[in-house]
Amino acid sequence: MDTWSAAIMLFLIMDPLGNLPVFMSVLKSIEPKRRQFIMIRELLFALGILFLFLFSGQSVLNFLNVEQETVSIAGGIILFLIALKMIFPSAGNPSGLAVGEEPFLVPLAIPMIAGPSTLAALILLANQAPDRMTDWSIALAASWSISAVILMFSNVFHKILGERGLVAMERLMGMILVMIAIQMLLDGVSQYFMHATGAL
């Protein structure tokens, strides 16, 4: 996977268009000036957590003695499940906050931006090519930057796309993510069988 393919994958997993309604719902009772500050703070918190997992995830996998094929297969399954939720979203209030309560780390930074699937994808990238951490850092910074712009201008995007437009975009991104997830799963399975037959 090259740098920009990784950036696109991370952007799709972060799903900023799908998160727009949640961000707007959580922040709607907070005054506009304070809202901008909270958005910037939560985005920076998320970026720090994402980079932490990118650079420390490999050490955790080494400690647990987890092989690359296992990470690839598990990552493919996780991305597939996330993609299904994007295509077939469930009803309910994901924020978990009382009306007027100011978010801190949860739920905007975690899990809306730095969610389990994004963290798993970063660990997967670091595990597959630990010598390309600069490429993965650029990919992460690019995907986070685009997501941040979309979320910071949430009102504008909501007006342009509308509710149906946002739903359509999220489902389209989910379909693309399904294909990435299946390819990742197939790569992991093929690598596993190659190593298994080589060992025999």
Side-chain angles (χ1 to χ4, degrees), residues 1 3-27 30 35-61 64 66 71-72 74-86 89-90 92-97 101-128 130 132-154 157 170 173-174 176-177 180-181 184:
M1 185 175 290
T3 305
W4 298 115
S5 296
I8 292 170
M9 181 188 74
L10 292 172
F11 172 76
L12 292 173
I13 300 170
M14 288 181 191
D15 189 20
L17 291 173
N19 288 335
L20 276 182
V22 178
F23 270 69
M24 295 177 70
S25 174
V26 171
L27 299 173
I30 298 171
R35 193 181 304 161
Q36 291 294 318
F37 170 77
I38 292 171
M39 290 278 283
I40 294 169
R41 183 190 68 196
E42 297 300 302
L43 285 165
L44 291 175
F45 276 151
L47 183 63
I49 293 165
L50 291 167
F51 269 108
L52 178 65
F53 266 78
L54 177 63
F55 284 94
S56 65
Q58 182 61 40
S59 301
V60 174
L61 292 177
L64 296 173
V66 176
V71 179
S72 184
I77 294 171
I78 290 171
L79 294 187
F80 183 76
L81 293 175
I82 293 296
L84 286 182
K85 289 183 179 180
M86 291 169 66
S90 56
N93 176 24
S95 68
L97 292 175
E101 183 180 351
E102 183 177 304
F104 184 79
L105 278 178
V106 178
L108 300 187
I110 305 171
M112 290 291 102
I113 305 170
S117 51
T118 312
L119 301 178
L122 291 172
I123 293 174
L124 175 67
L125 290 173
N127 178 262
Q128 285 184 333
R132 296 180 58 197
M133 296 305 288
T134 302
D135 291 341
W136 307 145
S137 298
I138 293 171
L140 174 55
S143 58
W144 175 87
S145 299
I146 297 170
S147 298
V149 169
I150 291 173
L151 293 172
M152 288 298 293
F153 293 95
S154 55
F157 280 96
E170 183 179 14
M173 292 164 71
I176 297 171
L177 193 56
I180 295 174
M184 189 181 297

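What's counted below: heavy atoms across the whole structure, side chains too, no hydrogens, waters or symmetry copies.
Residue Leu12 holds its CG atom at 9.5 Å from OG of Ser147, rounded to the nearest 0.5 Å. With values rounded to the nearest 0.5 angstrom, Leu10 atom CG is found 11.0 Å from Ser5 atom OG. Atoms CZ and NZ, on Phe80 and Lys85 in that order, are 13.0 Å from each other to the nearest 0.5 Å. Interatomic distance, Ser56 OG to Ile123 CD1, rounded to the nearest 0.5 Å: 7.5 Å.
When side chains are defined from C-beta on, Arg132 does not count as touching Leu125, because their heavy atoms never get closer than 4.5 Å. Residues Ile49 and Ile113 form no side-chain contact, since every pair of their non-hydrogen atoms from C-beta on lies 4.5 Å or further apart. Residues Pro16 and Met173 have side chains in contact (heavy-atom distance under 4.5 Å, counting atoms from C-beta outward). For the pair Asn19/Ile150, no side-chain contact is recorded, criterion being any heavy-atom separation below 4.5 Å from C-beta on. Using a 4.5 Å heavy-atom cutoff, the side chains of Met14 and Leu140 are in contact. Here the side chains of Ile110 and Phe45 are not in contact, with every heavy-atom distance at 4.5 Å or above. Counting heavy atoms from C-beta on, the side chains of Ile176 and Ile8 never come closer than 4.5 Å. Contact check for Gln128 versus Leu124: side-chain heavy atoms found under the 4.5 Å cut-off.
Contact detail for Leu43 and Trp144: the closest heavy-atom pair is O-NE1, 3.0 Å. Contact record, Ala7 with Ser143: O-CB, 3.4 Å, taken as the closest heavy-atom pair. The minimum heavy-atom distance linking Leu54 with Leu122 is given by the pair CD1-O, 3.8 Å. Shortest non-hydrogen contact noted between Ala141 and Ser145 is O-OG, 2.6 Å.
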Inset, instruction - Please assess Met112 against Leu151 for the test side-chain contact (heavy atoms from CB on, under 4.5 Å), listing each intermediate value before the final yes or no. - result: CA-CA 11 Å; Met112 290 291 102; Leu151 293 172; over 6 Å; no
Inset, instruction - Kindly determine whether Leu17 and Leu20 satisfy side-chain contact (heavy atoms from CB on, under 4.5 Å), including the steps that lead there. - result: CA-CA 5 Å; Leu17 291 173; Leu20 276 182; 4.0 Å; yes
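Of the possible donor and acceptor atoms, none in the side chain of Trp136 sits under 3.5 Å from a partner among the backbone N and O of Phe55. Thr118 places no side-chain N or O within 3.5 Å of a backbone atom of Ala114 that could act as its donor or acceptor partner.
Atom CZ of Phe11 has more than 12 heavy atoms from other residues, nucleotides or ligands within 6.0 Å.
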